[in-house]
Q: 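One structure, as structure tokens, below. Some questions next.
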Amino acid sequence: MSNSSTDPVSVEIIDGVARLTMNHPPVNALSLRLRKALADALSAVAADPGITAVLLAGQPKAFSAGADISEFGAGAGSPPDLPTLVAMVEDFPVPVIAALTGVALGGGLELAMAAAARIAAPDARLGLPEISLGLLPGAGGTGRLPRLVGPERAVEMILGGQQISADQGLRDGLLDAVLADPTSEEGLLWATGFAQGDGDPSQPSVGVASHGEGTIEPLHRRPPTRQREDKIAAARANPGSIATLAAARLAKAKDPFAARAAIDAITAGVELSFEEGARVEREKFEERRASAESGAQRHLFAAERAARKPKNLDPRAAKHVARAGVVGAGTMGGGIAMALAAAGIPVTIVEAEQQALDRGLARVRENLTRSVEHGSRSESDAQNQLALIGTSLDYAAFADADLVIEAAFEDLQVKRDIFATLDRHVRPDAVLASNTSYLDIDQIAAGTAHPGRVLGLHFFSPANVMPLVEVVRGAKTDAQTLATGFALARLIGKTPVVVGVCHGFVGNRMLEVRSQQAERLLLEGALPGQVDKVLTDFGFRMGPFAMGDMAGLDIGWRNRKAQGVKAPVSDALCEAGRFGQKTGAGYYAYDGRGRRDDAAVAELIAGISASLGVPRRDISAEEILERLTFPMINEGARILAEGIADRSGDIDVIWVKGYNWPAYRGGPMWYADQVGLPRVAARLRHYAEQTEDESLRPAGLLARGADDDGASTAGGLIFGAAGQGSGQEALGGPAAANGPAA
Ligand code: CAA
């Protein structure tokens, strides 16, 4: 067996142990190339009578991240498929020991679960994350995991999709030992001891397992994973128990189709037999793999990774942020400070008045206490976080800050004044960011002596929880400032997406279009409950009116008054003191039992329709959905053509991460491709005529995409079947913005 440094699997024989090392960058995804190499290596080793054990290893960063996601679009995997490899490992003539380093995820963990034993490095991470791709484990994972860790933990891991630590894996029974370096000398010795079954019983982590009550047996005598039934016996004797265990997770599942499929497979594997479970698992896996819902989530996986590499951003230009500052101790300022402190960055909040600081800090304390109570953070973590948050009434406290984020009142003049003050107090190389959600970053920057160091960092509320940050590139933002803001957002665990300057950037600009249509639908005959239901049926957690009531209607009302804009229904509700949940009434009525439709609101809306002379009619769910989503797509097309977003996939990431667009619908631009651009454009034309609203006419990019879609294969690519489509590219760059689609 000869090895070269480019072989995806290398084989070394050391004292009778064959060490097979997978080396298929970047993450040992089990692509056809790696599967073939692994099958060949296993076959060669099986034929060697001198070999007593196999140590199956990967790279420090990844044992394996599982099946190759990019192969899923092409149909079932070419042979050898993953289940075949898994069977080879489980039925291997000598014990195979999986040595886990870095991540062992999805098919990677399934391969390891078929091994005779699993040893892992202390920092290894284990999981079955298929659910977040709209899938379920497809290579025996739904059957083997419950047999190793019991049905309860298996349901948690498969439906939750999160990674667990090596320590947790050891406690759960997924691992047999945690070793400093399982792939080298120590792992080889462990494998030898395991194969010989002569491990020292006083050291149960070396080659032997302890089966409770002090019984210690050599590990190799236990049956293969698929035949182990001790941990599933109780669930098998109690049919329906898996469904009961999974009920709460199913109710909260982001992709209910994949969750239900996973529950069916686990149930069959536990309540019937491993083989029956494997049959159901395969069938459901193939069904989900081919589904629109999984396609949408795989698109998002790629789009999120593409968004990490914005055009014209050199990550090497980023400056390290050792200390940060926040202006404003309101809900946003406090949330941003918490997010920074949670990542270990000391942060000072500056406010104009002590009372505001006290209130802000009290809110931060309250949030931290609540997260300790919910178990999402330990008491000591909360204390450490709090200790990193300082406060001051003086901008001089920002003297040593590398970056300051302004999170003050949403008013251009207020912000310009703050930036002018900051400019005088911070170091000349400090980055200045505004958390504005609508305002013009260029006008804010213009009030400073160094507009190059200004950018927008638009967090979403609550900022300590919501993952999205729109990183707003101003006309003068320099390379270092942009790279630093972007890197900081990643460092604190957020999903940053670079956008350009316009009113509301990408997310709120599209939201505004949806809000206008929602209000308009009320005037034409719909009621809040009906509109909201269409969007919750589509997969949103909440519709626009329930969301408005939760956020408070008075904020938008005040903004509209300042801009001289009207929203007749929302304005009338506010004039009647109905500000939403906080006043017990808004679009809905609220009492102890929650939200309910309110006849008074129906009456009020009917009165406004009459006074404006808008005839009321029955509006179908289909029209409501199209009226809410298609204008958003249209606005997305304008955003792409203007170069405000780099790619259509960026818009999708923004809407999924910032506005809870259902991941299994892939984001608005992905959804447009699924509906078909010709249909979206035709319906927009129809609604423009029906409502006499010219803004609903298909934008140039959308209209051209629709024409192409009818005539050629190019249309879908404009919005990015692969998530990477950019209006600019489709049009041949900004200079050609009025030219024909390339
Ligand atoms: N298949 C193909 N490519 C993958 C991959 C996979 N399973 N996992 C990661 N990659 C690629 C990424 O696309 C990225 O590529 P680019 O550099 O071209 O952008 C590269 O590997 C590095 O990935 P990240 O940027 O995400 O790196 P990270 O260090 O932040 O995270 C990771 C690494 C934790 C492995 C993360 O990539 C991840 O969670 N991957 C997905 C894991 C997963 O879902 N596995 C299940 C697959 S489905 C399956 O296995 C089904 C089955 O049962 C048969």
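Counting convention: from 1, in listed order, for ligands and their atoms alike. No experiment lies behind these values; they were computed from the predicted model shown.
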Q: How far is atom 39 (O) of ligand 1 from the closest protein heavy atom, and which atom is that?
A: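 In this structure, atom 39 (O) of ligand 1 has Leu105 CD1, 4.1 Å as its nearest protein heavy atom.
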Q: Please compare Pro26, Ala67, Ser31, Ser64 and report which has the shortest non-hydrogen distance to atom 47 (C) of ligand 1.
A: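 It is Ala67 whose heavy atom sits nearest to atom 47 (C) of ligand 1.
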Q: Is it the case that Asp7 and Ser10 place a side-chain donor and acceptor less than 3.5 Å from each other?
A: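 Ser10 and Asp7 do not have a side-chain donor-acceptor pair below 3.5 Å.
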Q: Which atoms of ligand 1 sit under 4.0 Å from any heavy atom of Lys61?
A: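 Numbered from 1, ligand 1 contributes 29 (O).
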Q: Is there a nitrogen or oxygen of Phe285 sitting under 3.5 Å from a nitrogen or oxygen of ligand 1?
A: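 For ligand 1, there is no N or O atom that lies under 3.5 Å from one belonging to Phe285.
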Q: Checking contacts here: is it the side chain or the backbone of Val27 that comes within 4.0 Å of ligand 1, counting heavy atoms only? Could be both or neither.
A: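 For Val27, only side-chain atoms sit under 4.0 Å from ligand 1.
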Q: State plainly whether the residues Glu304 and Arg308 are in salt-bridge range, i.e. N to O under 4.0 Å.
A: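 A salt bridge is absent here (no side-chain N lies under 4.0 Å from a carboxylate O).
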Q: Considering heavy atoms of the protein only, find what lies nearest to atom 25 (O) of ligand 1 and give residue, atom and distance to 0.1 Å.
A: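 Of every protein heavy atom, Arg308 NH1, 3.0 Å lies nearest to atom 25 (O) of ligand 1.
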Q: Output yes when the distance from some N or O of ligand 1 to some N or O of Ala65 is under 3.5 Å, and no in every other case.
A: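 Yes, Ala65 has an N/O under 3.5 Å of an N/O on ligand 1.
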Q: Protein heavy atoms near atom 32 (C) of ligand 1, is at least one of them under 4.0 angstrom away?
A: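 Flag for atom 32 (C) of ligand 1 set to false, no protein heavy atom closer than 4.0 Å.
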Q: Name the orientation class of the two ring planes belonging to Trp655 and Tyr659 (parallel below 30°, tilted from 30 to 60°, perpendicular beyond 60°).
A: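 The arrangement is parallel - the two ring planes meet at less than 30°.
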Q: Going by the atom numbers of ligand 1, which of them fall below 4.0 Å from some non-hydrogen atom of Leu82?
A: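 It comes down to these atoms of ligand 1: 54 (C).
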Q: Which of these, Arg490, Lys309, Glu110, Arg305, has its nearest heavy atom closest to atom 16 (P) of ligand 1?
A: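 The residue whose heavy atom sits nearest atom 16 (P) of ligand 1 is Lys309.
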Q: Can you list the atoms of ligand 1 that are under 4.0 Å from a heavy atom of Gly138?
A: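 That gives atoms 52 (C), 53 (O) of ligand 1.
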Q: Flag the pair Glu71 and Arg35 as a salt bridge only when some basic side-chain nitrogen lies within less than 4.0 angstrom of an acidic carboxylate oxygen.
A: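 A salt bridge links Glu71 with Arg35.
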Q: Under 6.0 Å between ring centres: does that hold for Tyr664 and Tyr671?
A: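 That pair fails the under 6.0 Å test.
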Q: Apply the test side-chain hydrogen bond (donor to acceptor under 3.5 Å, both in side chains) to residues Arg665 and Gln674: give CA-CA distance (whole Å), side-chain angles for both, the deciding distance (0.1 Å), then the verdict.
A: CA-CA 9 Å; Arg665 305 253 190 210; Gln674 305 309 299; over 6 Å; no
Q: Looking only at heavy atoms of Arg125, does any of them come nearer than 4.0 Å to an atom of ligand 1?
A: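 It does not, in that no heavy atom of Arg125 comes within the 4.0 Å cut-off of ligand 1.
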Q: In plain terms, say whether Arg236 and Glu271 are close enough for a salt bridge, that is, a side-chain N and a carboxylate O under 4.0 Å apart.
A: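 No.
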Q: How far is atom 1 (N) of ligand 1 from its nearest protein heavy atom, and which residue and atom name does that atom have?
A: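 Nearest neighbour among protein heavy atoms for atom 1 (N) of ligand 1, to 0.1 Å: Ile69 N, 2.9 Å.
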Q: Short list, please: which atoms of ligand 1 are under 4.0 Å from a heavy atom of Gly66?
A: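 Atoms satisfying the 4.0 Å criterion: 50 (O).
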Q: Is Glu130 salt-bridged to Arg288, going by a charged N under 4.0 Å from an acidic O?
A: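 Looking at Glu130 and Arg288, the cut-off is not met.
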Q: Any atoms of ligand 1 less than 4.0 Å from a non-hydrogen atom of Pro137? List them with their elements.
A: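 Listed by number with element: 53 (O).
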Q: If only side-chain N and O atoms count, and only distance matters, is there a donor-acceptor pair under 3.5 Å linking Gln59 with Asn28?
A: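 Looking only at side-chain atoms, Gln59 and Asn28 do not form any donor-acceptor pair under 3.5 Å.
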Q: Does a salt bridge link Lys311 with Asp646, judged by any charged N lying under 4.0 Å from a carboxylate O?
A: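 No salt bridge links Lys311 with Asp646.
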Q: Show your working on side chain to side chain contact (heavy atoms under 4.5 Å, CB included) between Phe486 and Leu488 and close with a plain yes or no.
A: CA-CA 5 Å; Phe486 192 83; Leu488 176 75; over 6 Å; no
Q: Do any heavy atoms of Gly141 fall under 4.0 Å from ligand 1?
A: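 Contact check Gly141 vs ligand 1: negative.
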Q: For ligand 1, note which part of Leu30 has a heavy atom under 4.0 Å away: side chain, backbone, both or neither.
A: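 Neither; no heavy atom under 4.0 Å.
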Q: Please classify the Ala29 to ligand 1 contact at 4.0 Å (heavy-atom distances, strictly less than): side chain, backbone, both or neither.
A: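 Just the side chain.
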Q: So is there a nitrogen or oxygen of Gly107 less than 3.5 Å from a nitrogen or oxygen in ligand 1?
A: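 Between Gly107 and ligand 1 (N or O atoms, distance only) the closest approach is under 3.5 Å.
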Q: Show the numbers, then the answer: is there a side chain to side chain contact (heavy atoms under 4.5 Å, CB included) between Leu20 and Leu42?
A: CA-CA 8 Å; Leu20 269 56; Leu42 284 167; 3.8 Å; yes
Q: Between Asp68 and ligand 1, find which residue part has any heavy-atom pair under 4.0 Å and reply side chain, backbone, both or neither.
A: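 Both backbone and side chain of Asp68 come within 4.0 Å of ligand 1.
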